[in-house]
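Heavy-atom basis, side chains included; hydrogens, waters and symmetry copies ignored. Every chain is numbered from 1 and lettered A, B, ... according to where its sequence line falls, protein lines coming before strand lines.
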Number of protein chains: 2
Amino acid sequence: MQVAKPTIQQISEITGYSVSTVSRVLNGYSKQYRISEKAQELIKKKAEELNFKPNQMARGLRLKRTFTIGLVIPDIANPFFAMMAKHIEKAASLSDYSILLVDSDENTEKEKQQIKNMIARDMDGIIVAPVGSEKKHFTEIIERKIPLVFVDRYFENCEIPFVTSDNLQGGYEATKHLIENGHKRIGLIKGDTSTQPVLERLNGYRKALQEYGITLNSAYEIGDTFSIESGYQSVRTVLKLPQPPTALFAMSNLIGLGAIKAIKETDLNIPTDISLIVYDDQPYAAFLNPSITTVKQDSEQIGKLAVNYIFKKINNEKTDVLQVKLQTQIISRASVKKIK
Amino acid sequence: MQVAKPTIQQISEITGYSVSTVSRVLNGYSKQYRISEKAQELIKKKAEELNFKPNQMARGLRLKRTFTIGLVIPDIANPFFAMMAKHIEKAASLSDYSILLVDSDENTEKEKQQIKNMIARDMDGIIVAPVGSEKKHFTEIIERKIPLVFVDRYFENCEIPFVTSDNLQGGYEATKHLIENGHKRIGLIKGDTSTQPVLERLNGYRKALQEYGITLNSAYEIGDTFSIESGYQSVRTVLKLPQPPTALFAMSNLIGLGAIKAIKETDLNIPTDISLIVYDDQPYAAFLNPSITTVKQDSEQIGKLAVNYIFKKINNEKTDVLQVKLQTQIISRASVKKIK
DNA sequence: CTGAAAGCGCTAACAA
DNA sequence: TTGTTAGCGCTTTCAG
């Protein structure tokens, strides 16, 4: 029982009014064009009856707007990004915008290809958490003046707006927290080092150590992928050192999970034998035993600010280039032990 | 430095060939139309040079295809759905399809509204994990012959295709697992009871109890929302019973987290004082202490099958109505203790 | 082998 | 207060 999709044209024929009148009424320009009450009522009634919905392709073609925002995320299964995506979608849909979602799978090739796709599909704006290794495929977005904002990950010395956490601060405070609990041998389990957040967290880590006069030990800085597996391998390695760390700082929730696995397998106890702090707070962190001390990022705020900025750009409002680093917060739980 | 977006028209002017020829070449119809080598080369070269990408809105308007699949999920921050979404996106992008993502936030109103949106946007297919309370807003999708498939959640006695887990089996086996470990007083912490999976898991639970001659106790069946908070409150309540359960079966990973919180707060120990099994296996389950026994669902397969089916429908291949319930698997870990 | 032209459904400038 | 009409960029029929 296929129901033909009603068009403005059909409503025009049925009501006897022209397509322009129908269009005007349906787009809320009734008073502006002083459309008669009679026409308004009839048209609205018929549209309702037929369950009319304007064809967005036609509308978009004409208006050169798609009412959709492209979102490119390296791993939607990572709860940090999932939460961000949730709030981005929410903010967008509140303004009748939709989200075209891409999971780049931490793969630059897919990212490149899908950025092209987003351009071809005329996204009104694009939000991306770049994989991190390359950035020249973003220049076309900028040349075409398509509103673009990076979230979480971004590039240094670059005009592209971004919203992220203050990773320097986060790295610094996490490390400081460990130091203030008496730790001097602190292992840093890193994510993808081609990525700005990792670099800054690393800087924060070093800054804290130096401030407290602790000499850096490059063997304690290890890892290069945001995954459970990488966290696991890295921690296994670092625990085999002649002088293993007394505390670990894991750079993401996935890495943290891998770290816990490695620690368990080595028959070590958290926090008795080794302390742990994890970047990025996830619901389950509180339920692990011991509960895990984390660095909390405001993913909700990141998403909201990104969408807001895109909307401002879409509406041609003047704005400074948005380059925001949101404060992070240490959520102190039971995985860090005071020593000495 | 705004770069005009090249159109087929412009390429036509530059190369001196008509738009039709350009279109044919660019769409790979060169041999079919026996286009001259010369024309082919010139056109392709220019298109490449100008970084031409066909305008998808115009193309869609003409073709009446959008090359996009709508995905409506109740909570993208739930790792189960996130994982599913990841695989859906992956499968779709492999065929040059994109995903329009909606998070219905477990809210029927938003779901309704966004289903309308999907229709207005002419999705080539729609995949939805329905909130569960209502289904009549899906009829329009069906009347319009838009390929539709439900994932995870679905409706009974309904022609709409779905891919889900075998929730009856999952509920049955989880309960049986507990019973075989000596438990007779088993609390069932439910999710949204307007939802088919919850109903079936519940049936599986009851079936197992009856099979073993254990009388049902309605006070042990509690809860109605897929959330940490609901799991927490429900478990608190059930633990206050004069005869509290010796084992708990939590119907989702979020509910499981809430259960753990409540158990801890009551100063009970898992599994010494109380056993726990959780529906839906998530990476962190292995890292909780104790590690949690779970019912694993194949979210990857769910996603893939759903997308495949949509593609078959899009391509007008004949298929039976897809109504698949994938087997689940008990992942036995340390949260269930043998008693008596 | 190639081109002209219609038309997908909509908006908006222009005309009345 | 309303209608006519020209496109938006593309595909495809029909005509060479």
Side-chain angles (χ1 to χ4, degrees), chain A residues 3-44 46-47 50-68 96 119-124 144, chain B residues 3-44 46-47 50-67 119-124 144:
Chain A
V3 176
K5 197 165 169 181
T7 69
I8 230 175
Q9 161 78 29
Q10 290 174 33
I11 297 190
S12 154
E13 283 162 15
I14 294 175
T15 59
Y17 286 97
S18 72
V19 289
S20 5
T21 302
V22 174
S23 170
R24 294 195 261 249
V25 171
L26 263 20
N27 283 298
Y29 294 133
S30 297
K31 45 239 75 167
Q32 191 180 135
Y33 285 92
R34 312 166 47 118
I35 311 281
S36 67
E37 279 298 326
K38 202 177 61 164
Q40 287 185 48
E41 276 173 30
L42 182 58
I43 290 169
K44 280 182 185 160
K46 279 297 164 196
L50 297 174
N51 195 11
F52 170 81
K53 305 182 198 58
N55 180 317
Q56 296 299 327
M57 308 227 74
R59 195 145 192 268
L61 183 58
R62 180 62 228 238
L63 256 24
K64 291 175 166 321
R65 287 181 89 180
T66 53
F67 301 96
T68 119
D96 290 317
I119 295 171
R121 282 169 179 267
D122 273 309
M123 296 293 100
D124 290 348
R144 293 202 191 290
Chain B
V3 175
K5 197 165 169 181
T7 68
I8 231 176
Q9 161 78 30
Q10 290 175 32
I11 297 191
S12 154
E13 281 163 15
I14 295 175
T15 60
Y17 285 97
S18 72
V19 288
S20 359
T21 301
V22 174
S23 170
R24 293 197 262 251
V25 170
L26 262 21
N27 283 297
Y29 295 132
S30 296
K31 45 239 76 170
Q32 192 180 134
Y33 285 91
R34 312 165 47 119
I35 311 279
S36 66
E37 279 299 325
K38 204 177 58 164
Q40 286 185 49
E41 275 172 32
L42 181 58
I43 290 170
K44 282 181 184 160
K46 278 297 164 197
L50 296 175
N51 194 12
F52 171 81
K53 305 182 200 59
N55 180 316
Q56 297 299 328
M57 308 229 75
R59 195 147 191 266
L61 183 58
R62 179 63 227 236
L63 258 24
K64 292 175 167 319
R65 287 182 89 182
T66 53
F67 301 96
I119 295 171
R121 282 169 180 263
D122 273 307
M123 296 292 99
D124 290 349
R144 294 200 191 288

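- Looking at S20(A), its side chain comes within 3.5 Å of the base of dT4(D) through a donor and an acceptor atom.
- For R24(A) against dG3(D), a side-chain N or O and a base N or O form a donor-acceptor pair under 3.5 Å.
- In the set dT11(D), dT11(C), dC10(C), dT11(D) carries the atom at the smallest distance from any side-chain atom of S23(B).
- Remark on DNA chain C: of its neighbouring residues L61(A) and A39(B), the 5'-side contact belongs to A39(B), judged by nearest-heavy-atom nucleotide.
- Residue contacts for R34(A): at a heavy-atom cut-off of 4.0 Å it reaches a base atom on one of the strands shown.
- At dG9(D), one or more side-chain N or O atoms of K64(A) fall inside 4.0 Å of OP1 or OP2 (strictly under the cut-off).
- dG9(C) atom C1' lies 11 Å from atom CZ of R62(A), rounded to whole Å.
- Interatomic distance, I11(B) CD1 to K44(B) NZ, rounded to the nearest 0.5 Å: 13.0 Å.
- In the set dT11(D), dT2(D), dC10(C), the nucleotide with an atom closest to the side chain of S18(A) is dT2(D).
- If you check dG3(C), dG9(D), dG9(C) against the side chain of N55(A), the one that comes closest is dG9(C).
- Heavy-atom distances to DNA chain C give each of L63(B) and T21(B) a nearest nucleotide, and the one nearer the 5′ end belongs to T21(B).
- Within the cation-pi definition used here (under 6.0 Å to the ring centroid, within 45° of the axis), R24(A) does not qualify as a partner of Y29(A).
- Taking for each of V19(A) and Q32(A) the nucleotide of DNA chain D with the nearest heavy atom, the 5'-most of the two is the partner of Q32(A).
- Applying the 6.0 Å contact sphere to NZ of K46(A) captures no more than 12 heavy atoms from other residues, nucleotides or ligands.
- Checking each of K5(B), K53(B), Q56(B) against D122(A) for a side chain to side chain donor-acceptor pair (under 3.5 Å) leaves exactly one that passes, namely K5(B).
- With distances taken from any side-chain atom of Y17(B) to the nucleotides dG3(C), dT11(D), dT11(C), the minimum falls on dG3(C).
- Nucleic acid contact class of T7(A) (heavy atoms, under 4.0 Å, all strands): sugar-phosphate only.
- Using a 4.5 Å cut-off on side-chain heavy atoms (C-beta onward), R121(A) and F67(B) make contact.
- The residue S36(A) sits close only to the backbone: its heavy atoms come under 4.0 Å of sugar-phosphate atoms, none of a base.
- OP1 or OP2 of dT1(D) has not a single side-chain nitrogen or oxygen of K38(A) nearer than 4.0 Å.
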